[in-house]
*Asks:* 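Sharing a structure, written as structure tokens. Questions coming.
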There are 2 protein chains.
Amino acid sequence: MSKTEGDDGSPRRLTLLTLAQDLGISRATVSNAYNRPDQLSPALRARILARAAELGFPGPDPMARGLRRGRVGAVGVLVDEGLSYAFTDPTAVLFLDGLARELEADGLGLLLHAARAAGDDLERIRDAAVDAWVVQSLPERHPAVAAAQSRGRPVVVLDQPRLPGAPLVGIDDEGGAASVVRHLTELGHRCLSVVTMPLQADGRSGPADLRRQRSATYQVMRRRLAGAAAAAEAAGLPWTEVPVLECTANDPDLAARAVADLLARPDRPTAVVALSDQLALGVLRAAATLGLAVPGELSVTGFDDSPAAAAARPSLTTVAQPLRDRGETVGALVRGLLRGEPVAGPAPAPVRLVVRDSTAAPPS
Amino acid sequence: MSKTEGDDGSPRRLTLLTLAQDLGISRATVSNAYNRPDQLSPALRARILARAAELGFPGPDPMARGLRRGRVGAVGVLVDEGLSYAFTDPTAVLFLDGLARELEADGLGLLLHAARAAGDDLERIRDAAVDAWVVQSLPERHPAVAAAQSRGRPVVVLDQPRLPGAPLVGIDDEGGAASVVRHLTELGHRCLSVVTMPLQADGRSGPADLRRQRSATYQVMRRRLAGAAAAAEAAGLPWTEVPVLECTANDPDLAARAVADLLARPDRPTAVVALSDQLALGVLRAAATLGLAVPGELSVTGFDDSPAAAAARPSLTTVAQPLRDRGETVGALVRGLLRGEPVAGPAPAPVRLVVRDSTAAPPS
DNA sequence: GTCTGGATCTGTACCGATTCAGAGCATAGT
DNA sequence: ACTATGCTCTGAATCGGTACAGATCCAGAC
């Protein structure tokens, strides 16, 4: 007769205590069988595990263990506005993949949370059972960030925002953008246009003036624009004459729509600098629709060097950043923080200009 | 003087009890302030909340609450072999998005776990602090599934495998595949070829004979193949003469590589049936590389109707399944199960053939 | 024969909350 | 004046484990 049922005959939940009583030993010993094999004789341990399997006891309860040990084995990831965006962007996907891979080493899972600004959401973030948070590309001053920090658990930031006490993993966005603009000006381009992801979370799109560029709460975009501006000015191109088009999301379709008019005009630019590969793919598509030859009549550049950049036709000149590596770096930082090691954010990872088939000298 | 520090002056962790003592009231009352506003006077509640904000108390600890209440507010998602695959497939992304959206209503987050077969992984799954599991397209008999079930928590399955006691959300895969093959035969095609995702998790690729098709542990693919076979036979095409090419992942590049040889041969098929849109995109790419006109010289079909299908050039004839809806359906089932409602899996969702520009009559 | 030490195992105090029965105390009803 | 009612608030049990300080026992040292 097994004791899987209570005295009243109803099926009872199995716990460490159940098992201990069944075997006539103490809970502590059963606990040790699972957590510290060296604390009891191999024979007894085997007997415990065998009986556990027999009764169908799945091991210590995760929440109780979590409460006592102070860790649940999960790392929260705060992604911007809706998970679908995070998933759709190959940049984010590779990051998450690298992160997951690294965290697996400590048995940590990923708890995804969308960071809407709504109050209800903040509560969910504050009350999420996680050991640490990873904040991924949120605009500055986003309330969800404060919610994530409220428990005092470790926080690691990807790209932005810079937070006191939280290591940040980022790249040299200015340098990357500058290098791509320099590449174009060196090819002889004098008439550029820029396509960018959202600068603020207000859903605005269309031309972004200097003021909006400077006040962008998405730091990554602000920096890339600044880098591009600096390089343009250095080449003698007044930045104010370079149109900057803002899209409401990092989506090829939106980019294609955004540049359609611009490219159809007779005084169209000879090169379009897209601040992400996704946007660049949209520009390529728009050019194809209009029958514009790339790079013959129009040069296009991207940013990120996502897998799609190399696969595009023509293949995309872009700025390579170590996408999956960043996930692993962040994961390693999280693990370090959870072990209590004081860790500092690494220096910004270097970026590298990758010249492919989408850029050439402007038509003469 | 605030009491945020212990008697020894060291910073002490804030708990409900801390706050209660600070205010000279009982813990129960503080707890009620957070969870049952109707159980105490509004005035006291306001005082408690105000003092909490003052001291920086972030609210009840998630794990302790989880232990006591028996729920943590997280739903585990078991995805096949590495998160990157799950993220890369737009089908899965839309599913996850719908799921997350639906679960948000109950404040539930998504805990992602890769389902490798390794023993270490199983332990992580068994010990994950989640209220329920969603199993997404895992092969039959995958050990991770048993691990997910071991705690006796609710499980909902997407597509496969069919599990006793776990509702399943799926579509009419046979019907969908049959309709697309019927569409092609009605256009006059007599020489088909099929490209499929993995049939088993053994990493094999290349031609899959009838035996391998029938013994596929990925039920979805087995069914689509069966549906296609039935439709082909019904149209008088012996299925054994239809080559079936297996790819090691649902990846356009792999599909392109897989069909490259086939399409270069003089006796190439007049139509390629890809069992997912991702694969179909690869076939389109291969055709473009070879200079084959689609649909003039080659018809191509997909399956899923992911956003990319409509955006492809030419746009893809495919089988539409309600991708995001499925996520919401699964989410609703999970919520129901967590509320203790007995729920049955819905009938397979209907699929619909969407004819676009990638199919036409074969060249004469 | 006593002492020391190591290997095993147990008792018990936590971890930080939620819950439920009931105590205390006004107010209202009769 | 006395009970009934309703609103607030409290005490203590409980959720299921883990960790630490012993207790017990036996082998080997002196």
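Below, chains carry the letters A, B, ... as their sequence lines are ordered, and counting in each starts from 1. Below, each value reflects all heavy atoms present in this structure, side chains not excepted, and no hydrogens, waters or symmetry copies.
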*Asks:* Between B:Q21 (CD) and D:dT10 (C1'), how many Å, whole number?
*Replies:*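 Whole-Å distance recorded here is 14 Å.
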*Asks:* Do the side-chain N and O atoms of B:N35 and B:R65 include a donor-acceptor pair separated by under 3.5 angstrom?
*Replies:*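 On atom types as modelled, these side chains qualify, holding a pair under 3.5 Å.
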*Asks:* Could you check whether B:E140 and B:Q219, counting side-chain N and O atoms only, form a donor-acceptor pair closer than 3.5 Å?
*Replies:*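 B:Q219 vs B:E140: donor-acceptor pair found between side chains.
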*Asks:* Is there a side-chain contact between B:L168 and B:P161 in this structure, where contact means two heavy atoms from C-beta onward sitting under 4.5 Å apart?
*Replies:*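 Heavy-atom side-chain distance check fails, nothing below 4.5 Å.
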*Asks:* Does the protein touch nucleotides 15-20 of chain C at the base, only the backbone, or not at all? Give it as B, S and - per nucleotide, heavy atoms under 4.0 Å.
*Replies:* BBBBB-
*Asks:* Would the distance check show the side chain of A:Q160 and the main-chain N or O of A:V220 forming a donor-acceptor pair, the cut-off being under 3.5 Å?
*Replies:*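 Yes, the answer is positive, given that a donor and an acceptor are paired below the 3.5 Å cut-off.
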*Asks:* May I have the distance from A:D38 (atom CG) to C:dG6 (atom C1'), rounded to whole angstrom?
*Replies:*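 In whole Å, C:dG6 C1' and A:D38 CG are 13 Å from each other.
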*Asks:* Taking 4.0 Å as the cut-off, does a side-chain nitrogen or oxygen of B:T29 come that near to OP1 or OP2 on D:dC9?
*Replies:*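 No.
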*Asks:* Between D:dC7 atom C1' and B:L44 atom CG, what is the distance in whole Å?
*Replies:*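 These atoms are roughly 13 Å apart.
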*Asks:* I need the CG-P distance between B:L23 and D:dT8, as an integer number of Å.
*Replies:*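 In whole Å, D:dT8 P and B:L23 CG are 18 Å from each other.
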*Asks:* Are the side chain of A:R326 and the backbone N or O of A:F95 linked by a donor-acceptor pair below 3.5 Å?
*Replies:*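 No.
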*Asks:* Checking A:H142 side chain against A:A115 main chain: does a donor-acceptor pair fall under 3.5 Å?
*Replies:*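 Yes: the side chain of A:H142 pairs with the backbone of A:A115.
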*Asks:* Could you check how far CG of A:L19 sits from P of D:dT18, rounded to whole Å?
*Replies:*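 Spelled out: CG on A:L19 to P on D:dT18 is 12 Å.
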*Asks:* What is the distance from atom CG of B:L67 to atom CZ of A:R68, rounded to the nearest 0.5 Å?
*Replies:*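 Going from the CG atom of B:L67 to the CZ atom of A:R68 covers 12.5 Å.
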*Asks:* Apply the side-chain contact (heavy atoms from CB on, under 4.5 Å) test between B:Q136 and each candidate in B:V330, B:L78, B:V77; give the one that qualifies.
*Replies:*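 Only one option passes, and that is B:V77.
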*Asks:* Can you give the dot-bracket line for DNA chain D, where a pair is Watson-Crick or G-U wobble with both atom distances under 3.5 Å, crossing pairs use [ ], and | marks a partner on another strand?
*Replies:* ||||||||||||||||||||||||||||||
